[in-house]
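First the structure, then my questions, so here it is.
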Number of protein chains: 2
Amino acid sequence: MKFAAHGKICNEVGFILNGSFRFFFVKDGIEISNYFSFQNEFISSYRSFLKREPSLINIEAMEDSQIIYFSYTSLQELLKDERVVLKMERFGRMIAEYLICCYEERVVSFVTQTPEERYRLLLESGDDLLQRIPQYYLANYLGITPVSLSRIRKRIFAAMKRQKMAS
Amino acid sequence: MKFAAHGKICNEVGFILNGSFRFFFVKDGIEISNYFSFQNEFISSYRSFLKREPSLINIEAMEDSQIIYFSYTSLQELLKDERVVLKMERFGRMIAEYLICCYEERVVSFVTQTPEERYRLLLESGDDLLQRIPQYYLANYLGITPVSLSRIRKRIFAAMKRQKMAS
DNA sequence: CTACTTTATTATCTTTTGTTAACGATCGAA
DNA sequence: TTCGATCGTTAACAAAAGATAATAAAGTAG
């Protein structure tokens, strides 16, 4: 299922009940995965939703998934009722703040860490991501090619093996 | 002037009246600049401000600057008054949404573009950034070293010169 | 189980980046 | 003006990443 598409205005904000979604771009005809969301998370091409501009990104289900969502027009309808304005403002704020925290950490990692460091930290965190998405998606997520990630893995696991031998 | 410091909780959200601020990390004793803000922009280590957690980033004035700001405690005070809750919710939402748009574009550029492409696009955009910050800050911002940026500039300007000769 | 497709690894080669150090250029203070 | 510090460029080398192709491993459908 496609939730958002490049070049089209994103008219919904969704909440994943179960399943998983992938955020990606198409560059030179190749898909580059950028982010992954699982149950109990909000998804949206939020910039497009807010600014009413064509989306930069695509969002697509990776498996059979269930979501609930509200549309931009239904949000506008709701906001005609004074009594719900406050709650919707709060709701919008919470979604935005949730997304900010995701983005901030991600930008930090790109500026301060090498791809190898990013992958090491992900390994140490034991994040679900490692189990739930294929390695070539993960490579994109880290900002490198699948081939390069494979080499990084080789380096890391060789080093771990040496450590084990020494102990 | 220091607006936010690594390891300390950020208690303010500021708005720049004039001047400029630099966001940076310290890694292995070296400062890595990550973002820059100028007049009429909001600044905050917003994740720290929201979550009441130690800041990951530092924010510091690059020149004499004037800002107005509100503190977390004054925000809490304000929110005791029912009549301002709505406006503050909206205000918080607008700040969060503003920051999201900055971050989203930045993450996209890291995943889909090479450092050279990022610099080329910045050149083409004619962004003020190019005039207002030194090149070694810009290098950090692009995720590379100053030496590497210098090489990229050489490549680009050599290519431009060749194009000019041909025409 | 086999054949086919997809994903991961490995190899080779080229390009780019990081690191370190040297060299100019620029700017401000003495 | 001169000294010193800072910033940008360049050079040389090592390390890492991209591109491409071949191979191995894993997963799927028949």
Side-chain angles (χ1 to χ4, degrees), chain A residues 20 22 24-34 36 60-64 109-123 127-162, chain B residues 20 22 24-34 36 60-64 108-123 127 129-162:
Chain A
S20 54
R22 178 171 71 99
F24 66 96
F25 315 88
V26 178
K27 190 193 183 190
D28 304 330
I30 296 167
E31 293 186 358
I32 300 177
S33 300
N34 166 48
F36 309 92
E60 204 175 67
M62 291 194 288
E63 56 192 315
D64 284 348
S109 76
F110 275 113
V111 176
T112 62
Q113 294 161 13
T114 63
E116 179 164 339
E117 287 173 313
R118 284 198 288 280
Y119 182 65
R120 278 182 187 279
L121 287 176
L122 198 60
L123 277 182
D127 196 307
D128 271 359
L129 222 57
L130 292 164
Q131 315 305 329
R132 298 189 64 172
I133 65 171
Q135 198 169 302
Y136 66 102
Y137 282 174
L138 194 62
N140 291 161
Y141 175 79
L142 296 169
I144 55 178
T145 61
V147 176
S148 189
L149 177 55
S150 185
R151 281 187 294 228
I152 287 172
R153 284 165 55 82
K154 194 179 180 183
R155 283 203 296 269
I156 290 178
F157 295 137
M160 282 171 60
K161 207 170 181 179
R162 277 199 305 277
Chain B
S20 54
R22 177 172 72 99
F24 66 97
F25 314 89
V26 178
K27 191 193 183 189
D28 305 330
I30 296 168
E31 293 185 358
I32 300 177
S33 300
N34 166 49
F36 309 91
E60 205 175 66
M62 291 195 288
E63 56 191 316
D64 284 348
V108 169
S109 76
F110 275 113
V111 175
T112 61
Q113 294 160 12
T114 64
E116 179 163 338
E117 287 173 315
R118 285 199 287 282
Y119 182 66
R120 278 181 186 278
L121 286 176
L122 197 61
L123 277 182
D127 196 308
L129 222 57
L130 292 165
Q131 316 304 329
R132 298 189 63 171
I133 65 170
Q135 200 169 300
Y136 67 102
Y137 282 172
L138 193 63
N140 291 160
Y141 175 80
L142 296 169
I144 55 177
T145 61
V147 176
S148 189
L149 177 54
S150 185
R151 281 187 294 229
I152 287 171
R153 283 165 56 82
K154 195 178 180 184
R155 282 203 297 268
I156 290 177
F157 296 137
M160 281 170 60
K161 207 169 180 180
R162 276 200 305 277

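Note: hydrogens, waters and symmetry copies are ignored here, and every other heavy atom, side chains too, is used. In what follows, chains are A, B, ... by sequence order, proteins preceding strands, each numbered from 1.
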**Asked** Can you tell me how far P of C:dT16 sits from CD of B:Glu117, to the nearest Å?
**Response** 11 Å
**Prompt:** Any side-chain heavy atom of B:Phe24 within less than 4.5 Å of one from B:Ile32?
**Reply:**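 No; the side chains remain at least 4.5 Å from each other.
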**Request:** Measure from OH on B:Tyr119 to P on C:dT16 and round the result to the nearest Å.
**Result:**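 B:Tyr119 atom OH is separated from C:dT16 atom P by 17 Å.
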**Rounded distance (Å) that lies between atom C1' of C:dT9 and atom CG of A:Leu138** =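 Taking CG of A:Leu138 and C1' of C:dT9, I get 16 Å after rounding.
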Under 3.5 Å between N/O atoms: give me all the protein pairs with nucleotides 22-29 of chain C, atom names plus distance.
none

**Request:** Take atom CG of B:Leu142 and atom P of C:dG18, then tell me their distance rounded to the nearest Å.
**Result:** 11 Å
**Prompt:** Should B:Leu149 and B:Tyr136 count as side-chain neighbours, where that means a heavy-atom distance under 4.5 Å?
**Reply:** no
Would you tabulate the nitrogen or oxygen pairs shorter than 3.5 Å linking the protein to nucleotides 5-12 of chain D?
residue, atom, partner, partner atom, Å
D:dC7, OP1, B:Tyr136, OH, 2.6
D:dG8, OP1, B:Gln135, N, 2.8
D:dG8, OP2, B:Tyr136, N, 3.3
D:dT9, OP1, B:Arg153, NE, 3.2
D:dT9, OP1, B:Arg153, NH2, 3.3
D:dT9, OP2, B:Gln135, NE2, 2.4
D:dT9, OP2, B:Ser150, OG, 3.1
D:dT9, O5', B:Ser150, OG, 3.2
D:dA12, N6, B:Arg151, NH1, 3.3

**Request:** For the residue pair A:Tyr141 and A:Arg118, establish whether any side-chain heavy-atom pair is separated by less than 4.5 Å.
**Result:**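 No, too far: nothing below the 4.5 Å cut-off.
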**Request:** May I ask you to decide whether A:Glu63 forms a salt bridge with A:Arg22, counting only side-chain N to carboxylate O separations under 4.0 Å?
**Result:**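 Judged by the 4.0 Å cut-off on N to carboxylate O distance, A:Glu63 and A:Arg22 do not form a salt bridge.
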**Message:** How many whole angstroms separate atom CD1 of A:Ile144 from atom P of C:dT16?
**Reply:**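 One finds 18 Å between P of C:dT16 and CD1 of A:Ile144, rounded.
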**Message:** Can you give me the closest heavy-atom contact between A:Arg132 and A:Ser20, atom names plus distance?
**Reply:** NH2-CB, 4.2 Å
**Message:** Less than 4.5 Å apart, side chain to side chain, heavy atoms only: is that true for B:Leu138 and B:Leu129?
**Reply:**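 Yes, side chains in contact.
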**Request:** Determine: side-chain N/O of B:Arg155 to OP1/OP2 of C:dT17, distance under 4.0 Å, yes or no.
**Result:**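 So the side chain of B:Arg155 is within the cut-off, an N or O lying under 4.0 Å from OP1 or OP2 of C:dT17.
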**Prompt:** Got A:Thr112 and B:Asn34 here, is their nearest side-chain heavy-atom distance under 4.5 Å?
**Reply:** no
**Message:** Taking 4.0 Å as the cut-off, does a side-chain nitrogen or oxygen of B:Thr145 come that near to OP1 or OP2 on C:dT17?
**Reply:**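 No, because none of the side-chain N or O atoms of B:Thr145 sits under 4.0 Å from OP1 or OP2 of C:dT17.
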**Request:** Please determine if B:Arg153 and B:Glu116 form a salt bridge, counting it only when a charged side-chain N lies under 4.0 Å from a carboxylate O.
**Result:**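 Salt bridge between B:Arg153 and B:Glu116, a charged N being under 4.0 Å from a carboxylate O: no.
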